[in-house]
Amino acid sequence: MSEYKTISVPAEVKKELKKAKGDKEWGEFLRDLYKEATEIKKKKSFKKLTNELSEEELENIKESSKEFRENFKLR
């Protein structure tokens, strides 16, 4: 059985979160919320990076990554 912990949050915050979670269990809801936030941050960072790099730099990264995957071997 899983161990449970209590997280203290302001009453207003809990009220908003409770409305958003609907019928989900708190653990599932918070995990989904965390995953969604993490995915959004990754996409935002990727977009920022691609905007800062030239097409040539992006192509070099792509080729380097492809070469690495093709030649990578575990010992």
Requested in this report: Mind checking the CG-CD spacing from Asp23 to Glu28? Nearest 0.5 Å is all I need.
Outcome: 10.0 Å
Query raised in the report: Checking side chain to side chain contact (heavy atoms under 4.5 Å, CB included) for the pair Lys43/Lys47: CA distance, chi angles, key distance, verdict?
Result: CA-CA 6 Å; Lys43 288 179 180 179; Lys47 185 174 182 176; over 6 Å; no
Report task. Measure the spacing between OG1 of Thr50 and CD of Glu55 and express it to the nearest 0.5 Å. Result -> 9.0 Å
Report summary line: What one should report as the nearest heavy-atom pair of Glu52 and Glu57 is O-OE1, 4.4 Å
Requested in this report: Output the distance between atom NZ (Lys18) and atom NZ (Lys21), rounded to the nearest 0.5 Å.
Outcome: 7.0 Å
Query - Rounded distance [0.5 Å steps], CH2 in Trp26 versus CG in Leu30 - result: 6.5 Å
Query - Distance, nearest 0.5 Å, that separates CG of Leu49 from CG of Leu58 - result: 7.0 Å
Query raised in the report: Counting N and O atoms only, with roles assigned by atom type, does the side chain of Ser64 sit under 3.5 Å from a partner on the main chain of Asn60, one being a donor and the other an acceptor?
Result: no
**Report entry** Pair Glu16 + Lys14, salt bridge at N-O below 4.0 Å
**Finding:** no
Query raised in the report: Nearest 0.5 Å, what's the CZ-NZ distance between Arg31 and Lys24?
Result: 11.0 Å
Query raised in the report: Counting heavy atoms not belonging to Glu67, are there more than 12 under 6.0 Å from its CD?
Result: no
Query - In one Ile/Leu/Val/Met/Phe/Trp/Tyr side-chain cluster, 4.5 Å: Val13, Phe29 - result: yes
Report summary line: Cluster membership besides Ile40, Ile/Leu/Val/Met/Phe/Trp/Tyr side chains within less than 4.5 angstrom, sorted by chain and number, is none
Query - Contacts of Phe72 that satisfy side chain to side chain contact (heavy atoms under 4.5 Å, CB included) - sequence neighbours left out - result: Phe68, Leu74
